[in-house]
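A short write-up of the structure that comes next.
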Amino acid sequence: MRYSRAFIPTLKEVPKDATMPSHILMLRAGYARMVGAGIYELLPLGTRVLHKIEKIVREEMDAAGAQELLMPTFLPGEYFKESGRWELYGPTLLRIKDRKGGEYHLGPTHEEIVTDLVRREVKSYRQLPLNLYQIQNKYRDEPRPRAGLLRCREFIMKDAYSFDVSDEAALASYQQMHDSYHRIFQRLGLEYRVVEADSGAIGGKQSAEFQVLAQTGEDWIVACDECDYAANVEIARRGPVAGAEPDPSKMLPVEKVETPNTHTIEEVVAFFGPDVTAAQTLKSLVYLASDEIVLAVVRGDHEINEIGLARQLGVDALLLASDAAVKEATNTEIGFVGPVDFGGRIIADPDAVSVLNAITGAGETPYHLKNVNHGRDYTAEVLSIRQATSGDPCPNCNGTLQLYRGIEGGHIFVLGTHYSDKMNATFLDEEGDSHPIVMGCYGIGVTRLIAAIIEQHHDEEGIRWPVHVAPYQVIVTPIGKDEEPLTKATEIYETLRDQGIEALLDDRSERPGVKFKDADLLGIPLRITVGSRGLKQGTVELKKRIEAESEDVPAADIVSATQAALAALRS
RNA sequence: CGGGGCGUAGCGCAGCUUGGUAGCGCGCACGGUUCGGGACCGUGAGGUCGGAGGUUCAAAUCCUCUCGCCCCGACCA
């Protein structure tokens, strides 16, 4: 491609609505543009990267025996109604009425649709196992789209669905996808962890997330520093904790302190001065578990694990009480709630009850209590209800957990018969007996991965694409006003193309600085610079985007040198 | 949905407090000089000031409503 004819609208300045590196760089380097919140156009360069990722995904899915198909995105509501997700999905489902008033929606994921297809067409164990996948747009009216391509309302997903005759066979399919995903993420040049995860609205029994490590990720995960245990903090387990009661001989008398405008733990710590840390405070949160009001207490520096709390309470979902509901239940404003003299059920984490002489909300606005101790001043059911964090013992070995942030790039699920039961998808076995088909489903956020790769591969100057996903492998940059560099660069460019190397020829009449800046911004892995100065010695320059120095190469050898450099980058 | 911020030329911003000619930088077009890390000079094109209503002789500026975008939280395969 000749740069002078290419649609690559780069920006010198950072667009004001972008804050994440991937978002800023995709806009600045001309890979994408925003149309609305969470709705993006992929420009030619972005589309080339998308196709590169899709190719890798297809190769690995096909190699695992999955077959590609294409289901519609515009769907009659009846299938989600059949599974119950028409209600369960709530406002996240983008609903549409047709001219006759019929109820439709855009597909957020396709378990029901593929299950319907399979129940119509698959009748016999002889047709199983089966794994079907597609790469297409998905629609979710996210409560808060954000961070460019990382959380969109329209995005491209690879979704695969496996169908088996038994739990054992389904687990083998799951394991095969697990292995495929490893190869995909490795080929994409990503640093990632596979973590145990919650199944969420998809339903099912077991799931694992492929989390791309990045400080800008939305998810928190913990991983053991010694064994392979890793989990999303939503469900992470941790080794046993003592939960020792505080020593009564060291307890000080309770003191009530007026603490205006201290609603958060940070504000409380700041109010009580430099000797107090968050670990000496208690965080009290009011939840609605079904109809019951529950006060959950964790140490101030810890976070509540809501999924874990809900499971231990035996309810499907917990609702954090609104400001008004807290006021009604406790007669206290948020920020001043505490366990002392709380009327209802109190659940406290072992680490919370061990705090000696804790600071906590007084249950009265605007006061806090000092020197609160479990056993003496309040009594709680002690359950492990906080999220795991750095320093916690590993549940599986003697190692220690570390906290990371991640971007959920893939998620694989064992579904069992969750959908096949509801939708009556069955097969006949050798005996002629009918059984529900055992399913699994496997998603990769393809457009999200474009952004995730940039989050891991960039510097101050721009993107640094891994060679397998780069939109072009080489940019040939003639510089200077003479004819000779352009002539020579064009010759090199055409030879590279003849060799099957994707190259961009920067034939614009720009000054060298502009071309270098753009080449770095775009992130093309290799740059060949052709200038009059080098040509006098018969050389051109070869530079890797990830290295600071370039190397002089005899012009006659540049194609083989380029091939060698690409091979080195690929390995 | 709660909290905070922002909407003025393609992009980044000033002007608004105290109402009165819509500005700056980059980019774009043309001419000239320049040419190895986002050059310089000159000329020029380009704006329903997010939208609607109101106050006023007069609104980018004041008031009301509304739409959109970003961030934090709630929520979320």
Side-chain angles (χ1 to χ4, degrees), chain A residues 9-20 23-24 27-28 30 33-39 85 88-93 107-111 138-148 150-153 155 157-161 197-204 207-210 216 218-219 232 234 263-264 285 287 303 306-307 317-324 326 334 408-413 415 441-445 448 461-462 477-482 485 508-521 527 529-535 540-541 543 548 550:
Chain A
T10 60
L11 304 171
K12 270 192 194 175
E13 296 186 80
V14 177
K16 76 170 168 4
D17 287 340
T19 53
M20 295 264 173
H23 191 193
I24 291 170
L27 296 173
R28 281 199 58 213
R33 288 292 184 265
M34 186 179 80
V35 176
I39 307 172
R85 288 207 289 186
L88 191 66
Y89 241 102
T92 302
L93 194 64
T109 173
H110 283 240
E111 283 77 14
K138 294 286 186 277
Y139 299 86
R140 295 178 190 177
D141 193 0
E142 293 283 349
R144 190 180 154 208
R146 77 186 102 174
L150 284 173
R151 180 166 292 277
C152 281
R153 294 193 288 176
F155 59 100
M157 179 162 94
K158 186 283 303 177
D159 46 324
Y161 306 89
D198 182 56
S199 294
I202 289 281
S207 83
E209 291 169 342
F210 283 68
T216 47
E218 293 185 272
D219 295 335
N232 193 303
E234 289 176 350
H263 299 273
T264 65
L285 295 171
Y287 283 95
E303 298 298 327
E306 292 189 3
I307 292 174
L318 278 178
L319 202 60
L320 188 61
S322 66
D323 295 22
V326 170
I334 282 189
E408 184 186 355
H411 201 160
I412 60 178
F413 301 79
L415 291 174
C441 71
Y442 318 93
I444 287 180
R448 177 181 280 180
E461 293 298 319
T477 308
I479 56 174
K481 56 182 191 280
D482 303 333
R508 298 175 298 168
S509 54
E510 290 288 353
R511 295 159 58 87
V514 173
K515 293 186 177 186
F516 294 152
K517 285 286 184 186
D518 276 339
D520 287 348
L521 185 59
R527 186 180 82 207
T529 307
V530 184
S532 311
R533 218 163 60 188
L535 286 180
V540 298
E541 292 161 37
K543 182 180 174 299
S550 64

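For clarity, every value in this text was computed on a predicted model and none was experimentally measured. Heavy-atom basis, side chains included; hydrogens, waters and symmetry copies ignored.
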Item to complete: May I ask you to check whether A:Asp159 and A:Tyr161 show a side-chain donor-acceptor distance below 3.5 Å?
Response: yes
Worksheet item: When you measure from the side chain of A:Pro143, which nucleotide among B:C69, B:C35, B:C75 comes out closest?
Response: B:C75
Worksheet item: What interatomic distance, in whole Å, is found between C1' of B:G44 and the corresponding atom of B:G27?
Response: 14 Å
Fill in: Which residue lies more 5' along RNA chain B, comparing A:Gly148 with A:Ile479 via nearest heavy atoms
A:Ile479
Fill in: Identified pairing partner of B:U43, criterion: Watson-Crick or G-U wobble below 3.5 Å
B:A29
Worksheet item: In the structure shown, which nucleotide is the Watson-Crick or G-U wobble counterpart of B:C62, with both distances under 3.5 Å?
Response: B:G54
Item to complete: For nucleotides 37-49 of chain B, just jot down a letter per nucleotide in 5' to 3' order: B, S or -, based on protein non-hydrogen atoms under 4.0 Å.
Response: BBB----------
Item to complete: Tell me which nucleotide among B:C69, B:C11, B:C6 gets nearest to the side chain of A:Lys16.
Response: B:C6
Fill in: Nearest-neighbour nucleotide for the A:Glu541 side chain, B:G36, B:G12, B:A74 considered
B:G36
Worksheet item: Between atom NE2 of A:His411 and atom CE of A:Met157, what is the distance when rounded to the nearest 0.5 Å?
Response: 11.5 Å
Fill in: Among B:C70, B:G36, B:C11, the nucleotide that comes nearest once only the side chain of A:Ala37 is considered
B:C70
Worksheet item: Can you tell which of B:C69, B:G36, B:C76 lies closest to the side chain of A:Arg151?
Response: B:C76
Worksheet item: Expressed as a whole number of Å, how far does the C1' atom of B:A22 sit from that of B:A29?
Response: 22 Å
